[in-house]
Amino acid sequence: MSISEFDIIGRFFTDSELSRADVLLGVGDDCALLQPPEGYALAVSTDTLVEGIHFFAGTDAESLGHKSLAVSLSDLAAMGAEPCWVSLALTLPAGEADVSWLEAFSDGFLSLAGQHGLQLIGGDTTSGPLSITVTIHGLVRPASALKRSAAEVGDSVFVSGLLGDAALAVQQLQQNELPSPSIRDALELPDPRVSLGMALVGIASACIDISDGLLADLGHICKASGCAAELELAKLPLSDEMRAYIKNTADWRKVLAGGDDYELCFTVPAARRQAVLDLAGELDIPLTEIGLIKDGNGIRCLDQNGKAVTISETGYRHFHD
Ligand code: ADP
Ligand code: MG
């Protein structure tokens with residue numbers, strides 16, 4: 001590494017865009033000291049991104065800084081928690097981590113953190129194959145957290161944003177095609193649905209963020225809640241490019257089982273459906289009703305004629321059993 005560990009921390013990861021009053025001690029000591037308010041639970045989540053597995057080698061450093069935080073913010077969003085503090089463990093290849101890469105990475109990371117009121121409070125910096133681990137801390141009242149286990153038969157299933165564009169970008173990049181800017185942004189610059197997650201407290205029954213594909217992640221809600229779901233393919237929110245791709249290939253796997261969407265999938269009792277539709281207008285985020293929670297288990301997908309269809313892969317999994 002052309003720059004020392006302590007220079008890296010001091011130059012790029014010491015000054016957050018904001019300093020929170022509840023951070024009694026931030027970067028620089030053996031531990032950070034944080035003061036959570038009374039009546040709140042800490043919502044904590046960790047994610048690792050490894051070069052060559054979770055992102056292409058050579059991905060733009062600023063995008064990577066953004067995305068490595070966005071995936072963690074998405075977890076907080078899925079619990080309805082308010083983002084507060086974050087720590088960052090960076091493993092950097094010797095020789096490759098130059099000043100301009102670090103500058104761009106920390107810009108992407110810290111500017112997204114600043115937008116969400118998050119302070120960087122510590123981390124670790126080591127040498128090895130490029131990998132980024134983020135631990136994020138948020139606050140939520142224990143009774144308000146949006147768990148996976150509270151969906152009920154008869155609830156509507158909603159999803160935010162558009163599905164499948166990130167998976168389309170991955171395929172295009174693998175085939176050396178140039179994705180359009182909006183498709184590339186879906187992969188590299190996802191916009192975590194933090195304000196939506198917090199607004200869904202008291203409205204949604206269950207919630208999850210879609211990181212491994214709609215079927216896999218809605219499947220987690222169904223399993224945790226002891227119920228089934230029925231989805232109508234014709235209702236799934238798609239970009240024009242995804243619509244054209246499906247028209248050409250009849251391949252629904254990117255939409256249903258692609259990874260990296262970072263949208264929220266949530267269930268809503270009938271009495272609160274209108275509140276969701278109102279929220280879509282207030283937050284200016286597309287929120288689409290795509291199906292219903294049913295008795296039983298598993299997920300059924302219906303085509304435009306109401307006929308059940310089979311999808312071969314349920315989502316991205318690291319370990320196959
Ligand atoms: P220790 O040896 O006690 O683990 P380190 O030398 O690893 O301490 O880190 C020194 C300080 O810098 C600690 O406060 C740690 O949290 C912080 N730190 C290290 N790496 C990072 C990073 N990538 N981002 C933010 N803070 C970091
Ligand atoms: Mg350390």
Side-chain angles (χ1 to χ4, degrees), residues 1-37 40 42-77 81-139 188-190 192 194 211 262:
M1 208 174 295
S2 47
I3 169 170
S4 83
E5 175 190 338
F6 295 106
D7 283 345
I8 290 176
I9 299 166
R11 279 184 66 179
F12 302 110
F13 300 111
T14 296
D15 295 321
S16 268
E17 291 212 338
L18 74 173
S19 55
R20 296 174 57 102
D22 53 15
V23 177
L24 309 182
L25 197 56
V27 170
D29 213 312
D30 297 309
C31 292
L33 295 178
L34 311 169
Q35 185 74 71
Y40 285 83
L42 274 180
V44 182
S45 162
T46 297
D47 272 296
T48 295
L49 303 188
V50 178
E51 184 177 58
I53 308 282
H54 302 95
F55 59 91
F56 291 104
T59 294
D60 169 67
E62 190 175 346
S63 303
L64 196 56
H66 173 104
K67 180 156 179 179
S68 53
L69 181 55
V71 304
S72 292
L73 279 164
S74 180
D75 281 326
L76 286 187
E82 176 195 346
C84 297
W85 313 299
V86 64
S87 60
L88 167 66
L90 258 185
T91 304
L92 300 168
E96 267 180 53
D98 59 25
V99 168
S100 62
W101 190 96
L102 284 160
E103 220 156 42
F105 179 89
S106 83
D107 272 357
F109 187 97
L110 292 177
S111 69
L112 184 62
Q115 284 167 36
H116 290 278
L118 263 180
Q119 186 171 341
L120 179 63
I121 47 86
D124 200 21
T125 306
T126 54
S127 188
L130 180 58
S131 130
I132 302 140
T133 296
V134 171
T135 300
I136 200 163
H137 306 250
L139 294 172
E188 294 191 346
L189 295 173
V194 175
S211 51
Y262 302 108

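In listed order, ligands and their atoms are each counted from 1. The analysis underlying the following values was restricted to heavy atoms, covering all of them including side chains, and did not include hydrogens, waters or symmetry mates.
Under a 4.0 Å heavy-atom criterion, Phe12 is not in contact with ligand 1.
A donor-acceptor pair is defined here as one N or O able to donate and one able to accept, closer than 3.5 Å; such a pair exists between the side chain of Ser68 and the backbone of Leu64. Checked by atom type and distance alone, the side chain of Thr14 pairs as donor or acceptor with a backbone atom of Ile9 at under 3.5 Å.
Here CG of Leu102 is found 10.5 Å from CG of Asp7. Values are rounded to the nearest 0.5 Å.
Residue Val27 has at least one heavy-atom neighbour below 4.0 Å for each of these atoms of ligand 1: 12 (O), 14 (O), 17 (C), 26 (N). The distance from ligand 1 to the heavy atoms of Phe6 drops below 4.0 Å at these ligand atoms: 6 (O). Close approach of ligand 1 to Leu88 (heavy-atom distance below 4.0 Å) involves ligand atoms 22 (C), 23 (N), 24 (N). Applying the 4.0 Å criterion to heavy atoms of Thr125 picks out, from ligand 1, the atoms 19 (C), 20 (N), 21 (C), 22 (C), 23 (N). Taking every non-hydrogen atom of Asp29 and a distance limit under 4.0 Å, the qualifying atoms of ligand 1 come out as 13 (C), 14 (O). Atoms of ligand 1 lying under 4.0 Å from at least one heavy atom of Glu5, given by number and element, are 6 (O), 7 (O). Each of the atoms 3 (O) of ligand 1 lies under 4.0 Å from some heavy atom of Asp30.
Looking at Ile9 against ligand 1, only its side chain comes within 4.0 Å, counting heavy atoms.
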Enumerate, atom names and distances included, each donor-acceptor pair closer than 3.5 Å involving a side-chain atom of residues 108-116, sequence neighbours excluded.
unit_1	atom_1	unit_2	atom_2	d
Ser111	OG	Asp107	O	2.9

Under 3.5 Å donor-acceptor pairs involving side-chain atoms of residues 22-35, not counting sequence neighbours:
unit_1	atom_1	unit_2	atom_2	d
Asp22	OD1	Arg20	NE	2.9
Asp22	OD1	Trp85	NE1	3.1
Asp22	OD2	Arg20	NE	3.4
Asp22	OD2	Arg20	NH2	2.7

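Put simply, the side chain of Val99 reaches to within 4.5 Å of the side chain of Arg11, judged on heavy atoms. A heavy-atom distance below 4.5 Å is not found between the side chains of Val44 and Ile136. In this structure, Thr133 and Thr46 have side chains that are in contact, with non-hydrogen atoms separated by less than 4.5 Å.
Residue Gly26 has no N or O atom closer than 3.5 Å to an N or O atom of ligand 1. On a distance-only criterion, Gly123 and ligand 1 share at least one N/O pair closer than 3.5 Å. Between Ile121 and ligand 1, no N or O atom pair is found at a separation short of 3.5 Å.
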